[in-house]
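First the structure, in the form of structure tokens, and then the observations on it.
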Amino acid sequence: MEVAIPIDFEQMKEVKTELTRFMMSYKFALHEVMTKIDILKEEFQYVHDYNPIEHVKSRLKSPESILNKAYRKGCALSLDSIRENIRDIAGIRITCSFISDIYEISKMIQQQKDVQLIECKDYIQNPKPNGYQSLHMIIKIPVFMSDRSEEVYVEIQIRTIAMDFWASLEHKIYYKYDEDVPQHLKEELKEAALQAAQLDVKMENIQKEMKEVKKRNSENSVHQLIVDTEKLRIPEDFLKAALNETDGKGSI
């Protein structure tokens, strides 16, 4: 005969509240980091006339997914243990055009005063054996709520469009074959990863050349004046004289 175990509903309500706060803290952390990325993206566009970020995606692990990962890692099933041992509950993926953009964005994020870098894994300089490339960062960011503040982990992955395309394809293949991928497909994926890396290097070289051309054009444009659609070249001495006059009168 089964013995019914009485349920303490008040205790259950407290547990539900804590679980809700637990999940919401990660949701708010995602909002905080996404806002920072949006600000950096817009500032970069205005200041440098260039946007290094192509796409940004965020995701929050479901409670079921968190529980499954806790089982796999063998960590205790307490919120404190899960919070400390599973650091990718909140995740953001940033896709860039060029490899140099990856490191520039990483640096800008780390320079934020309330961002603490916990871990950085560079799979671009050191690709995984299967060819996977990306820059992974685990950061910690404060989240302020009505009655408390919490330091929350967020995982950030930064990769190029080519890296992202390869990773997406690899994920689909492994999902289709339920992890048991034929050896010839693994070899094809590895070759595709090498080709994607070569493409990124070529695109990076093109980008560098474009920057040089833009810099030269910018320097030349200082000496040009357009009047009624006619381009007039301004002599260097004329520019210096105008500059000296402006300095003497003070800035407008």
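- Counting only distance, with no hydrogens or angles, the side chain of Ser65 and the backbone of Lys61 share no donor-acceptor pair below 3.5 Å.
- Remark: Glu84 pairs with Arg87, Tyr153 by the side chain to side chain donor-acceptor pair (under 3.5 Å) rule, at least two apart or across chains.
- One finds no salt bridge joining Lys16 and Glu18 here, because no Lys/Arg side-chain nitrogen approaches an Asp/Glu carboxylate oxygen to under 4.0 Å.
- Here the CE atom belonging to Met24 is positioned 9.5 Å from the CG atom belonging to Leu60, to the nearest 0.5 angstrom.
- When atom types are taken as modelled, the side chain of Lys190 and the backbone of Pro129 share a donor-acceptor pair closer than 3.5 angstrom.
- To the nearest 0.5 angstrom, Asn68 atom CG is 8.0 Å from Ser62 atom OG.
- A heavy-atom distance below 4.5 Å is not found between the side chains of Ile53 and Phe44.
- Within the 4.5 Å cutoff, no side-chain heavy atoms of Ser149 are placed close to those of Met145.
- Although no hydrogens or angles enter the test, the distance criterion places a donor-acceptor pair under 3.5 Å between the side chain of Trp166 and the main chain of Leu189.
- Contact detail for Val33 and Ile139: the closest heavy-atom pair is CG2-CD1, 4.1 Å.
- The closest side-chain heavy-atom distance from Asp88 to Lys69 is below 4.5 Å.
- Residues Met108 and Ile118 do not share a hydrophobic cluster, clusters being chains of Ile/Leu/Val/Met/Phe/Trp/Tyr side chains in contact below 4.5 Å.
- No salt bridge links Asp114 with Lys140; every basic N to acidic carboxylate O contact stays at or beyond 4.0 Å.
- For the pair Lys128 and Tyr132, the cation sits on the ring face: its NZ or CZ lies under 6.0 Å from the ring centre, inside 45° of the axis.
- In this structure, Arg159 contributes its side chain and His136 its backbone to no donor-acceptor pair below 3.5 Å.
- Between the CD1 atom in Ile94 and the NE2 atom in His55 there is a gap of 12.5 Å [rounded to 0.5 Å].
- A distance of 9.0 Å separates OG in Ser25 from CZ in Arg148, rounded to the nearest 0.5 Å.
- Between Leu30 and Gly91, the closest heavy-atom pair is CD2-O, 3.6 Å.
- Both Ile66 and Val154 are part of a single hydrophobic cluster, where members link through side-chain heavy atoms under 4.5 Å apart.
- Val115 and Ile39 fall into different hydrophobic clusters, defined by Ile, Leu, Val, Met, Phe, Trp and Tyr side-chain heavy atoms under 4.5 Å apart, directly or through other members.
- The side-chain heavy atoms of Ile92 and Glu155, taken from C-beta on, include no pair separated by under 4.5 Å.
- No path of Ile, Leu, Val, Met, Phe, Trp and Tyr side chains, each step under 4.5 Å between heavy atoms, connects Phe22 with Leu67, placing them in separate hydrophobic clusters.
- Note on Ile82 and Met23: same hydrophobic cluster, where clusters join Ile, Leu, Val, Met, Phe, Trp and Tyr whose side-chain heavy atoms are under 4.5 Å apart, directly or indirectly.
- Every pair passing salt bridge (charged side-chain N to carboxylate O under 4.0 Å, His left out) that includes a residue from residues 93-106 is listed here, sequence neighbours excluded: Arg93-Asp164, Glu104-Lys107.
- Between Asp80 and Arg83 there is a salt bridge, with a side-chain nitrogen of the basic residue lying less than 4.0 Å from a carboxylate oxygen of the acidic one.
- Counting all heavy atoms, side chain and backbone alike, Gly131 lies closest to Ala193 at O-CB, 3.4 Å.
- Although no hydrogens or angles enter the test, the distance criterion places a donor-acceptor pair under 3.5 Å between the side chain of Ser134 and the main chain of Ile158.
- For the pair Ile105/Pro52, a side-chain contact is recorded, criterion being any heavy-atom separation below 4.5 Å from C-beta on.
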